[in-house]
Amino acid sequence: MQSVNILPRGSLKGALSPPGDKSISHRVVMLSSLAEGRSVFENFLFSDDCMSTVGALRSMGVKINEEKGRLVVEGLGLKGLKAPKGELFLGNSGTTMRLLLGVLAGQPFKAVLTGDESLSRRPMSRVTDPLRWMGARISGRDNGNYAPLTIEGGSLSGIDYVNKLGSAQVKSAILLAGLFAKGKTRVVEPLPSRDHTERLFAYLGLPCRHEGGAITVEATKKINAFSLTVPGDPSAAAFFIAAAGLIEGSDLIIKNVGLNPTRMGFMDAFRAMGGRFEIKIRDERLEPVGDIHVRGGRLRGIKIGRGEIPRLIDELPILMVLASYAEGETEISGAAELRVKETDRIHSLCTNLKAVGADIEEKQDGCRIQGKEELKGGTVESFGDHRTAMSLIIAALRSKNGITVNDTDCIAISYPKFLEDLKGLGLIAP
Ligand code: S3P
């Protein structure tokens with residue numbers, strides 16, 4: 001198990017291109033596997049989580065290779081996947097398990113999905129219940145709430161579903177199953193979640209529409225192979241935006257980052273805290289993509305409530321770090337979903353930030369933070385969670401004595417080059 005010791009090293013200057021978007025990388029592998037022919041993806045995220053999706057589809061007969069840094073997928077068509085010979089081990093990846101359940105709901109064979117200890121503790125009935133209502137047969141611990149899960153798909157019918165959790169994984173699983181279902185599948189979202197699946201469906205010409213306040217999809221006969229460049233991941237970029245924002249005198253350009261409005265809650269919160277940045281959009285064909293120019297400065301505390309959570313769910317850990325260094329109080333509420341991520345992120349962040357000197361109070365659905373000019377530093381644990389580890393590494397950059405983060409191998413789940421990128425900006429000794 002690796003540990004990382006990070007010391008404050010002054011302001012950040014330069015430019016950085018974040019890795020490919022994790023959510024979009026998962027989705028393009030699944031959709032291109034169901035497409036007919038060869039699809040090629042530039043800037044695909046070769047991280048542990050996305051390789052879990054690649055591994056599962058390879059086990060169902062899809063040829064997927066890396067060629068000169070690109071991902072090449074030889075799709076088998078909507079009816080071409082083969083029954084896997086063994087269990088599909090999905091590592092730490094909740095996105096793989098939930099979205100793949102949607103794909104498998106449409107397949108006339110049996111598959112068993114397993115994962116690591118963290119994934120086996122994550123609730124799945126949010127996806128297995130609606131897929132059962134559509135017609136899939138699913139069994140697993142606690143009536144299908146926990147992996148290992150066995151799914152046997154086949155003849156599905158569309159459903160009407162209200163996505164009360166504001167979960168893009170739930171919505172996407174249902175929409176993917178809807179590609180194989182009789183009749184219309186409708187998902188209503190009281191709080192909009194990330195819309196990459198719908199955008200990809202529209203890009204591919206699939207029968208997916210916004211209709212009467214719902215997202216609807218109908219069965220399709222064919223998906224054509226497609227090629228695209230995956231936008232940079234705004235959730236990965238958030239760590240460096242926060243680092244630059246926290247340290248006065250910083251001046252950093254984040255290049256080719258996804259600017260999808262359903263992912264921009266962190267930038268809105270950063271602006272409300274007094275964060276200084278400008279955005280330049282370069283491309284808007286599939287997703288808006290562009291550059292973010294951030295400058296360091298003083299930040300102030302804010303209030304974040306339930307309505308804002310889905311648009312910044314993955315950035316709450318780094319937002320808690322920003323709040324720890326902001327002037328005044330920050331209150332985060334309505335974020336109980338954070339407790340069922342790769343680890344309980346309310347607990348992991350509150351425990352770790354307290355250990356390095358923050359004034360933070362854990363609440364059932366969030367926290368209260370009284371910001372300080374400086375945190376003393378110390379030693380913290382990643383809890384096996386990539387975003388907890390990276391958030392504490394960024395917190396170290398404005399600490400008095402530095403921070404040691406234990407068990408940092410998990411960073412490879414979403415951002416294998418994170419430490420290399422920190423080094424590139426001179427934030428870790430070469
Ligand atoms: C994701 C949706 C979010 C997010 C996760 C990726 C996706 O999860 O936290 O990292 O790709 O659809 P929920 O759907 O559980 O909110």
Side-chain angles (χ1 to χ4, degrees), residues 19-31 44-45 47-50 52-53 90-103 115 118-119 121-131 145 161-177 187 189-201 215 230-231 233-239 258 260 262-266 287 306-319 334-346 348-349 365 385-388 390-391 410-411 413-415:
D21 190 274
K22 180 156 87 72
S23 292
I24 298 174
S25 293
H26 284 296
R27 285 158 172 80
V28 297
V29 178
M30 291 188 198
L31 284 168
F44 178 81
L45 175 64
S47 76
D48 290 357
D49 252 23
C50 298
S52 288
T53 296
L90 309 179
N92 191 248
S93 181
T95 311
T96 309
M97 186 166 280
R98 295 193 178 123
L99 270 59
L100 200 60
L101 281 165
V103 172
S118 152
L119 185 54
R121 272 189 271 114
R122 298 186 65 189
M124 292 295 148
S125 55
R126 55 184 61 199
V127 170
T128 55
D129 283 348
L131 294 178
N145 196 21
Y161 189 78
V162 180
N163 184 18
K164 289 201 191 103
L165 290 172
S167 160
Q169 295 179 351
V170 171
K171 170 178 65 179
S172 301
I174 296 170
L175 294 178
L176 285 163
V187 181
E189 290 204 285
L191 294 174
S193 63
R194 64 190 70 189
D195 63 358
H196 306 302
T197 303
E198 303 92 290
R199 279 180 186 257
L200 274 166
F201 280 15
I215 304 145
V230 176
D233 195 325
S235 302
F239 295 107
N260 181 317
T262 61
R263 299 281 296 280
M264 286 296 109
F266 171 75
E287 299 262 351
R306 173 72 189 125
E308 288 130 284
I309 300 300
R311 292 176 66 243
L312 48 64
I313 183 76
D314 290 339
E315 289 69 71
L316 283 167
I318 189 64
L319 201 63
E337 272 293 298
L338 269 194
R339 293 213 181 265
V340 291
K341 291 293 173 191
E342 287 82 330
T343 189
D344 174 345
R345 286 185 178 150
I346 296 183
S348 67
L349 266 294
D365 66 343
D385 172 41
H386 52 126
R387 298 201 200 278
T388 299
M390 290 188 275
S391 298
C410 54
I411 290 173
I413 296 285
S414 68
Y415 197 160

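Numbering of ligands and ligand atoms starts at 1, following listing order. Note that this is a predicted model, so its numbers are computed, not measured. This chain uses plain numbering: 1 for the first residue, then up along the sequence.
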Just by distance, with hydrogens left out, do [X] and [Y] show a side-chain donor and acceptor under 3.5 Å apart?
X    : Y    : result
S52  : S93  : no
T96  : T53  : yes
K22  : S414 : no
S125 : N145 : yes
S235 : E315 : yes
R345 : T388 : no

| remark: Near ligand 1 (heavy atom, under 4.0 angstrom), the protein residues are S23, R27, T95, R98, S167, A168, Q169, R194, I313, D314, K341
